[in-house]
Amino acid sequence: STTVRAADGAGTLQIPEGTTARDAAGNPLGAVTVARVADVPAAPPGTTVGIALDCGPAGAVFDPPVTLTYTLSTEEWAKIGGAAPKVMWYDPASKAWQEVPATVDPATRTVTARVPHFSIYALAWAVRRRPPCRPPPRRKHGSPPPPARRSRPVMDCPGCSSASGR
């Protein structure tokens, strides 16, 4: 097999021996590249793109598919914050991102997908949203007050006009 790595180590392409590799015109493929994308197309709403890789040449196809692996540093993995990472590819014709089945290994901080063609691929995850703030429950008239608590500072909720703890 042949391995091609991004210069910064963020991504690796593994091309199995015996793979048929053709460029967009159907000719045998001469070279393969993988590099970080500086200008990433806009992600779908609610999605964060962590690492985008340009796998080239664009439009190249593989039979069987090649393996794309994202390897994250401890700091990069921490940015995901418990969300489920996924791999997506950008379709320039429809100007849309499409999800690709992937395997996540938290122990090695890797996300791996089998890709049949080249394009821009991104490691992404859903944006974690804070649950909406809820005002404290109202006491019914005549009910006893709640047990006394130690005093805590009251903090305004950034997502609404109410304040927590008031």
Side-chain angles (χ1 to χ4, degrees), residues 1-16 19-26 29 31-135 155-164:
S1 73
T2 300
T3 301
V4 180
R5 297 182 201 291
D8 65 358
T12 304
L13 288 168
Q14 184 91 26
I15 304 169
T19 298
T20 301
R22 301 211 178 269
D23 65 17
L29 198 58
V32 169
T33 60
V34 59
R36 277 212 196 216
V37 175
D39 190 20
V40 179
T47 303
T48 296
V49 171
I51 300 171
L53 297 174
D54 187 1
C55 299
V61 294
F62 300 90
D63 184 23
V66 299
T67 303
L68 172 62
T69 302
Y70 289 89
T71 303
L72 283 72
S73 68
T74 304
E75 295 79 21
E76 289 170 324
W77 191 260
K79 288 179 185 176
I80 295 172
K86 58 187 172 183
V87 175
M88 301 172 72
W89 75 276
Y90 185 72
D91 181 352
S94 67
K95 296 183 179 356
W97 288 95
Q98 306 292 325
E99 195 165 336
V100 177
T103 303
V104 178
D105 186 347
T108 59
R109 297 183 314 277
T110 57
V111 180
T112 303
R114 302 211 0 109
V115 300
H117 60 86
F118 277 173
S119 181
I120 294 175
Y121 285 86
L123 174 66
W125 57 89
V127 174
R128 297 199 123 215
R129 298 181 192 270
R130 283 181 48 154
C133 297
R134 295 189 182 133
M155 299 174 67
D156 288 331
C157 174
C160 63
S161 59
S162 69
S164 60

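All values below were derived from every heavy atom in this structure, side-chain atoms included, with hydrogens, water molecules and symmetry-related copies excluded. Everything quoted here is computed from the prediction, not taken from an experiment.
Shown here for A6 and A10, the closest heavy-atom pair between the two residues is CB-N, 4.3 Å. Closest approach of A24 and A58 over heavy atoms only: CB-O, 4.2 Å. The two residues P16 and S1 have their closest heavy-atom pair at CA-CB, 3.9 Å. Scanning both residues, A113 and A102, for their nearest heavy atoms gives CB-CB, 4.2 Å. In this structure, T110 and T108 approach most closely via the heavy-atom pair OG1-OG1, 2.8 Å. Nearest heavy-atom pair, W125 versus A84, reported as atom, atom and distance to 0.1 Å: CB-O, 3.8 Å.
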I'd like a table of donor-acceptor pairs (distance under 3.5 Å, sequence neighbours excluded) in which one partner is a side-chain atom from residues 115-124, with atom names and distances.
residue : atom : partner : partner atom : Å
S119    : OG   : Y90     : O            : 2.5
Y121    : OH   : H117    : O            : 2.5

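Residue W77 holds its CH2 atom at 6.5 Å from CG of L72, rounded to the nearest 0.5 Å. The line from CG of L13 to OG1 of T2 is 10.5 Å long, rounded to the nearest 0.5 Å. Separating the CG atom in L53 from the CH2 atom in W89 is a distance of 15.5 Å, to the nearest 0.5 Å.
Side chains of T47 and K86 form a contact here, defined as non-hydrogen atoms less than 4.5 Å apart. Side chains of L68 and V100 form no contact here, defined as non-hydrogen atoms less than 4.5 Å apart.
Residues meeting the side-chain contact (heavy atoms from CB on, under 4.5 Å) test with T67, sequence neighbours left out: Q14, T69, T112, R114.
When the shell of 6.0 Å around CZ of R5 is examined, it contains 12 or fewer heavy atoms from other residues, nucleotides or ligands. Crowding of D8 atom CG: a count of heavy atoms from other residues, nucleotides or ligands under 6.0 Å exceeding 12.
The one candidate from T20, D23, I15 that meets the side chain to side chain contact (heavy atoms under 4.5 Å, CB included) condition with L29 is D23.
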